[in-house]
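Down below is the structure, laid out as structure tokens.
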Protein chains: 2
Amino acid sequence: MTLKQLKYLIAIVDSGLNITAAAERLYTSQPGISKQLKQLEGELGMQLFTRKGKSLAAITPAGEEVIDRARRVLREVENITSLSRELKGEQTGTLSIATTHTQARYVLPEVIQAFSERYPKVDLELHQGTSEQIAELINTHQVDFAIASGSRKLFSNLKVLPIYHWNRIALVPKGHELAQDKRALTLQSLAAYPLVTYVFSLTGESSFKQAFQAEGLDPRVAFTARDADIIKTYVRMGMGVGIIASMAYECRDQDDLKAIDATGLFPRITTWLGFPKDMVLRSYMLDFIHLLAPHLPLGIIREAAKAETPEALEALLGDVELPVRGGCPEDSAAAA
Amino acid sequence: MTLKQLKYLIAIVDSGLNITAAAERLYTSQPGISKQLKQLEGELGMQLFTRKGKSLAAITPAGEEVIDRARRVLREVENITSLSRELKGEQTGTLSIATTHTQARYVLPEVIQAFSERYPKVDLELHQGTSEQIAELINTHQVDFAIASGSRKLFSNLKVLPIYHWNRIALVPKGHELAQDKRALTLQSLAAYPLVTYVFSLTGESSFKQAFQAEGLDPRVAFTARDADIIKTYVRMGMGVGIIASMAYECRDQDDLKAIDATGLFPRITTWLGFPKDMVLRSYMLDFIHLLAPHLPLGIIREAAKAETPEALEALLGDVELPVRGGCPEDSAAAA
DNA sequence: CGCGTTTACGTCGTTCGTAACGATA
DNA sequence: TATCGTTACGAACGACGTAAACGCG
């Protein structure tokens, strides 16, 4: 068995069982791939693919398992080359991140700008999706970092660092009744209006309904959308009161919208960053985390990355007070 | 980078940085090893070893990391060949187990006998040691299975299956005061005698002292030993009352010793079996677990081995009632 | 001078790409 | 007939082992 054989195997699979395509991807000849595959199958003494005539038709059950293991081998080999680049002080490589719309749109832009200024040779990849899609990407090692909020159940295989807390805000058109009300916002007053908020199943949204139910309220959710931009649009149209993450309220929204702090009405939510346990962290990755969470000292991030158990990580992070993130700093309501 | 280079690298390390020895171990020529190592270092662009003249003197820090990753690669390659053997239905291979004296001496013999009858071509290796030594062996992947009791803190990286429960018994010479006493044993009556028990730091022994302290008792521990055989000897000599695991009481001990059930006085202890999360489990390994824990259906063991999270494993095992293991079945006190 | 590594070199095996062939839809 | 995989073949490369040289203790 050689690394080349395993690489070829994975290339074939990732090319849809098309050996010719795999050959092109690898800048080599097609018969070479064929031969190596035969050799690998011969050595293992099993068919990794079912054949339909001469073409590969499907992966055998045994093949699936071998492919899974082969991917691990290649990942670790990647890790070794990654290590060597790191130890030579090269600041080249890639950083791929999977995250939600809220982070991608309201939090990451300035982080990424600062990052790519400091590391112009690092290729950045940003994937946006639902929690489930993010989990899929990080669990199959297609991305390096996952940044999400709330539920960690889908991400139990990761090392996870808390980044910051946030609360929800209520969003109304300027001049709306609620905007005039000087008293603190309550769930009861909110429940009197149709609500516009995120689609459920996203980060901790179950806590949204629970908060109302705990007070015996059953608010009407007029509309749900995947991201705050759309919610804002519908709030402007007067569809109802928007309930969004505090970070999603921008200063220029002040022109026609008013944010009302809803801290305390709903549970506080933590945004965290996770990465596979056995991944080699390049120094630019540590720096990215530091840019994203400046309140975490680089030393602690470095240690946390090495921590073997969640407990050891807890111990390291015990003292750190996470900031609560708001949106527009000029607006006292959102910056609470 | 090739697998050969990584294999050679590990062989060099495991031969004490002696390239000639590594060559012999690998049944190849010494210059070949040298050349491959040079090539690997060249490709990685770093020194993996410091040289003293021409000899290898030590591993560089960078080398340590590369070696660590290289071991992982080779492990996964092992896993692939393991898979292929398994899927071809071969019942050959090795099974190495690290465990404590109690298991090795009183529990495993009959399991191993049955196992090696059924799988004569599987090589068995049994390592005996303290919890710490067992943790070291399994965490460095030098053994396949760890079998131990009590604390799982040292073994957080493993998949763990509970095997059975056990309690402690008090052991006295035949004719001892306590043996005559018809009333149920209490901590108080125990504390009146010098005690002989396991050395602390072993499985859950901290709970031993705690049990007494909870009742404000401070027993005198006259003697501690690593295993029950030695404890029995000293109990026979009249050094004190022995406190040992129920399994360690054998029928032939009845000749001159008397076991008194101590269930309830100390916390019940669970013996479990653990193995590395990413290990390929050969079918004979599953069978070994089944022989060790016949009350766990093979189907459940198979599923448990595949479970990704501890929670999924809990769910599978939720219904299973573990037996409480005693020693000599003829003795009602020990077989409680 | 012995031990261990490196260098040098000839041999052998393997891989690679091109080209031709075969099978399938 | 177009697509895709296999077979065939010659050239080039690389690995291996033997033998000799080198450096260190």
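Numbers restart at 1 for each chain; the letters A, B, ... are given by sequence-line order, proteins then strands.
- A salt bridge does not link B:Arg105 with B:Asp227: none of the charged nitrogens is closer than 4.0 Å to a carboxylate oxygen.
- Within residues 20-32 of chain A, the residues approached by DNA chain D to less than 4.0 Å at the level of any non-hydrogen atom are A:Thr20, A:Gln30, A:Pro31, in residue-number order.
- The side chain to side chain contact (heavy atoms under 4.5 Å, CB included) test applied to B:Val111 returns B:Phe288, B:Leu291, B:Leu292, not counting sequence neighbours.
- DNA chain C is contacted by both A:Thr2 and A:Lys54; A:Thr2 maps to the nucleotide lying nearer its 5′ end (nearest heavy atom per residue).
- Sorted by first and then second residue, the side-chain hydrogen bond (donor to acceptor under 3.5 Å, both in side chains) pairs involving residues 88-98 of chain B (not counting sequence neighbours) are B:Ser96-B:Asp144.
- A search for ring pair (Phe, Tyr, Trp, His ring centres under 6.0 Å) contacts involving B:Tyr119 returns B:Phe115, not counting sequence neighbours.
- Within a 6.0 Å radius of NZ in A:Lys306, other residues, nucleotides and ligands contribute 12 heavy atoms or fewer.
- For the side chain to side chain contact (heavy atoms under 4.5 Å, CB included) test, residues two or more places apart in sequence or in another chain that qualify with B:Ile300 are B:Pro297, B:Leu317, B:Val320.
- Of all the residues in residues 12-19 of chain A, A:Leu17, A:Asn18, A:Ile19 reach under 4.0 Å from DNA chain D with at least one non-hydrogen atom.
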Just distance, no hydrogens or angles: give the donor-acceptor pairs under 3.5 Å from side chains in residues 36-47 of chain A, sequence neighbours left out.
{"from": "A:Gln36", "atom 1": "OE1", "to": "A:Gln5", "atom 2": "NE2", "distance (Å)": "3.4"}
{"from": "A:Glu41", "atom 1": "OE1", "to": "A:Arg51", "atom 2": "NH1", "distance (Å)": "3.2"}
{"from": "A:Glu41", "atom 1": "OE1", "to": "A:Arg51", "atom 2": "NH2", "distance (Å)": "3.0"}
{"from": "A:Glu41", "atom 1": "OE2", "to": "A:Leu48", "atom 2": "N", "distance (Å)": "2.7"}
{"from": "A:Glu41", "atom 1": "OE2", "to": "A:Phe49", "atom 2": "N", "distance (Å)": "3.4"}
{"from": "A:Glu41", "atom 1": "OE2", "to": "A:Arg51", "atom 2": "NH1", "distance (Å)": "2.9"}
{"from": "A:Glu43", "atom 1": "OE1", "to": "A:Met1", "atom 2": "N", "distance (Å)": "2.6"}
{"from": "A:Glu43", "atom 1": "OE2", "to": "A:Met1", "atom 2": "N", "distance (Å)": "2.7"}
{"from": "A:Gln47", "atom 1": "NE2", "to": "A:Phe49", "atom 2": "O", "distance (Å)": "3.4"}

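- Extent of DNA chain C lying under 4.0 Å from chain B heavy atoms, first and last nucleotide in 5' to 3' order, is C:dG4 to C:dT7.
- A search for ring pair (Phe, Tyr, Trp, His ring centres under 6.0 Å) contacts involving B:Phe155 returns B:Trp272, not counting sequence neighbours.
- For the segment residues 38-53 of chain A, residues with any heavy atom less than 4.0 angstrom from an atom of DNA chain D are, sorted by number, A:Lys38.
- The salt bridge (charged side-chain N to carboxylate O under 4.0 Å, His left out) search around A:Asp14 returns A:Arg71, not counting sequence neighbours.
- Here the P atom of nucleotide D:dG23 and the CG atom of B:Leu56 are 17 Å apart, to the nearest Å.
- Residues that satisfy the salt bridge (charged side-chain N to carboxylate O under 4.0 Å, His left out) test with B:Arg72, not counting sequence neighbours, are A:Glu76, B:Asp68.
- A:His127 and A:Glu125 are linked by a side-chain donor-acceptor pair at a separation below 3.5 angstrom, with hydrogens and angles left out of the test.
- More than 12 heavy atoms of other residues, nucleotides or ligands sit less than 6.0 Å from atom CD of A:Gln133.
- For the residue pair A:Thr99 / A:Gln128, no side-chain donor-acceptor distance below 3.5 Å is found, with atom types taken as modelled.
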